[in-house]
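In what follows, a structure is listed as C-alpha cells, so that the remarks can point back to it.
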Amino acid sequence: MSMKSTAGIVEAGSSDHPSRSDGFVRGLSEAIGGPLGDHAVALDRPANRERRFWTAARIVLALACLTLALHWVQKSPCQDGAWQNNVQYTRFCYTDVLALYYAEGLNEGKVPYRDHPVEYPVLTGYFMGALGLPVHALGVDDPQLNQGQWFYNLNALTLGALAVATVAMILALRRRRPWDAALFALAPALLLTATVNWDFLAIGLAAFGLAAWARRRPALAGVLLGLAGAAKMWPLFVLGPILVLALRAGRLRAALTAIGTALVALVAVNLPAAIPYRENWDRFFELNTERPIDWGTLWYIGRYLDGKVNSGAPGDQGPFQWLNANIPTLNYLSYALFGLACLGVAALALRAPRRPRLAQLAFLVVAAFLIFSKVWSQQFVLWLLPLVVLARPRWGAFLAWQLAEVGYFVAFYGELLGAATSRPVFPEGVFVLAATLRLGTVVLLCVLVVQDILHPERDAVRRTYADDPDGGVLDGAPDAPWLTDRRTRNRWGDGDGTRDR
C-alpha cells in the first residue's frame, strides 16, 4: 500500500489530523468550515519553525486536567462523609475511596492485612494504608480534622496525577497522533468514575509498562506490569498478547523476560502480606470466589430474562437463575468462556494476514474478561479507556460506547437509590436495557478491532505508522520462519511447485 497522502490517509512520518483522517470528526468539522487546512498547522510545527506554547500534546494534557477537575467538583457533595438522605446516590457522588476509609478500619489506624482483611490485591491495600494511616495520625492530634475528606482528597490528587501520567504515556506512544489521546482526556467515563475506586493505580502502572515495552525494555515492562497486576489483576492479561505476538515474530526471549520479571515483581509484592497474614491476604480471593452474579453483567441480564419465564423457585429456575444459586459452577463457566475467548484471540493473532498490534490484542483480552465476568463494577470502564484509544482511535464507535456507559451510570445510581429506599427509581427493565447497551457497545468495539486485524489497511494507526508503535522489539520484525514456511507450503503445496487442490 502506498504511503503517499490520499483521502483519509496521512503520509508516513507526518502527524495525523482527525478532521482529515477520521470520518466522524471530518463530518463534524463541516459545521465550522471543513477539515483543518494545510496552513493551520501551528500545533504541529517542525522544530526549526516558530514554536507555540499550546502544542497538541499540551492541549490534550490540559483537557485531561480539566476533566479531572470537573470530576472532583462532581464528587464534592460526598467529600465530607456526611451522607444523609442518600446524597451519595441522588448526587451521583458515591466513591469507594471515602466509604472504605471507614470500612477497612483506616480511621482507627488499622494496618491493611496485618490488622484487617482487605478485599483488594496487595498493592491497592498498601496504597490505601500509605495514604490513610498518616491521615489518621493527623486526626488523632486534631479531632476537628475531617479524616475522611482529607483521605479522599489526598487519593484524588494522587489518582489524578496517575491519570494525567496515563495520558502522557498515550501521547508518548502516539507522537504522530497526539489527538488520539483526546479520546481519553475527554471521555465521559473519566469524568464520572475517575476516583470511584483505586483503579488508576493499576492503569497508570500498566501504561508505564506498555511504554517500557515500546521502548524495548522488556524487563522493566514486566516489573511494571507485575506491579500493576498486584494492584488490580487485569494488567497481567497483557502478558498473554505479548507472548503470542512474540511467538509469531520469533522474539520469545523478550516476551519471556517480561513475563519472568512480572512474576517476580508480583510475588515480591505479595509475600510480605501473604506469609504472615495469610487469612487476611486471602480475603480478595475468597470474596471473588463466593460472590454471586453482580449487577450489570451478562449473567445479570440473563437472570432477568429467566425471571420473565421462570419464578426462580427451586424446580422452576432458568439456567442463569440456577447459576446464581450454584456459584462454583458459575465461576468455572465464567473462567472457561474467558479462556476460550483468549484462545480465540491467540488464534486470530497467529492467523491474521499481518501480525496484529499489541494494543489490539490487549483490548480484546481485557474486554473479553469483562464480558464474561460475573462482576462488572461501574469504574471498570476505566480499564478499557487507554486500551481502546491505542487499539482503535476512532471517534464514532468510541462515543457510542461512552454514551452507553453514561446511560448505565445513571441507571446504576437509580438502582442503588432504589435498593437503599426500597422504592424503585426505574423499572428493572430500564437498568437491564442500560446494561445490555453497555455490553453491546463493548462487543461492537471488539468486532471493529477484529475487522481492523483481518483488514489491516483499515487500521487508523497503521495509516500513520509503518507497523506497531507499541510493539517494541516486535515493531517492524518479520514473522518467524516457522510461520512463513508453513504459509508457503499451504500456498504452493509440499515443494513440488504445484498448488494444493
Side-chain angles (χ1 to χ4, degrees), residues 1-3 9-16 21 166 169-181 183-184 206-218 220-222 224-225 235 237-259 345-367 384 386-394 445-446 448-480 483-484:
M1 175 179 172
S2 173
M3 295 305 295
I9 302 177
V10 297
E11 186 176 354
S14 66
S15 296
D16 172 71
S21 62
T166 301
M169 291 301 99
I170 295 173
L171 288 166
L173 292 169
R174 295 291 182 274
R175 293 183 182 276
R176 299 178 194 168
R177 302 182 57 89
W179 295 111
D180 288 356
L183 290 160
F184 186 100
F208 282 112
L210 288 173
W213 177 262
R215 296 289 179 86
R216 300 174 184 254
R217 301 181 69 180
L220 177 60
L224 290 167
L225 289 173
F237 300 152
V238 177
L239 296 170
I242 287 176
L243 178 62
V244 173
L245 292 174
L247 177 64
R248 174 162 176 167
R251 302 293 178 92
L252 276 176
R253 180 177 180 179
L256 293 176
T257 298
I259 293 171
V345 172
L348 175 67
L350 296 176
R351 298 184 65 86
R354 183 174 179 182
R355 189 172 61 249
R357 293 186 292 106
L358 173 59
Q360 292 174 317
L361 297 190
F363 170 78
L364 290 176
V365 169
V366 177
L384 295 178
L387 296 177
V388 76
V389 169
L390 296 173
R392 193 178 188 275
R394 292 289 194 181
L445 287 172
C446 291
L448 293 173
V449 170
V450 170
Q451 287 182 344
D452 286 348
I453 291 173
L454 295 177
H455 303 280
E457 69 278 3
R458 301 180 184 177
D459 184 356
V461 175
R462 281 199 161 122
R463 294 184 178 189
T464 311
Y465 291 90
D467 189 22
D468 182 5
D470 313 322
V473 297
L474 308 177
D475 185 26
D479 283 339
L483 182 64
T484 54

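Just so you know, these numbers come straight off a predicted model, no measurement behind them.
The main-chain N or O of V461 is never found under 3.5 Å from a side-chain atom of R177 such that the two would form a donor-acceptor pair. No donor-acceptor pair under 3.5 Å is formed between the side chain of R394 and the backbone N or O of L448. The backbone N or O of L390 sits less than 3.5 Å from a side-chain atom of R174, completing a donor-acceptor pair.
Counting heavy atoms from C-beta outward, D468 and L474 have side chains that stay 4.5 Å or more apart. Annotation: side chain of L387 is in contact with side chain of L210 (closest heavy-atom distance under 4.5 Å). Side-chain contact between L358 and L245: present, with at least one pair of heavy atoms (C-beta onward) separated by less than 4.5 Å. Using a 4.5 Å heavy-atom cutoff, the side chains of P356 and R248 are in contact.
Here R355 contributes atom CZ and Q360 contributes atom CD; the two are 11.5 Å apart, rounded to the nearest 0.5 Å. For the atom pair I170 CD1 and D180 CG, the distance stands at 9.0 Å (nearest 0.5 Å). For the atom pair L252 CG and T257 OG1, the distance stands at 10.0 Å (nearest 0.5 Å).
Smallest separation of non-hydrogen atoms from A359 and A391: O-CB, 3.6 Å. A pairwise comparison of heavy atoms in P218 and A254 identifies CB-O, 3.4 Å as the closest pair. Residue A477 comes nearest to R251 through the heavy atom pair CB-NH2, 3.7 Å, listed as atom of the first residue, atom of the second, then distance. For the pair L171 and P178, the tightest heavy-atom approach, listed with the atom from each and the gap, is CD2-O, 3.4 Å. Across all their heavy atoms, A221 and G209 have their closest contact at CB-O, 3.4 Å. Of all the heavy atoms in E457 and R463, the pair that sits closest is O-NE, 3.4 Å.
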Candidate pair I259 and I242, rule side chain to side chain contact (heavy atoms under 4.5 Å, CB included), full reasoning: CA-CA 9 Å; I259 293 171; I242 287 176; 5.7 Å; no
Check the pair V473, W213 against side chain to side chain contact (heavy atoms under 4.5 Å, CB included), reporting the backbone distance first and the verdict last. CA-CA 8 Å; V473 297; W213 177 262; 4.2 Å; yes
Kindly determine whether V388 and L183 satisfy side chain to side chain contact (heavy atoms under 4.5 Å, CB included), including the steps that lead there. CA-CA 9 Å; V388 76; L183 290 160; over 6 Å; no
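Residue-environment remark: CZ (R216) exceeds the threshold of 12 foreign heavy atoms within 6.0 Å.
For A367, the side-chain contact (heavy atoms from CB on, under 4.5 Å) test picks out F363, L384, V442, C446, with sequence neighbours left out.
Just one of D459, D467, D475, D452 meets the side chain to side chain donor-acceptor pair (under 3.5 Å) condition when paired with R357; it is D459.
A donor and an acceptor atom, one from each side chain of R176 and T464, are nowhere located under 3.5 Å apart.
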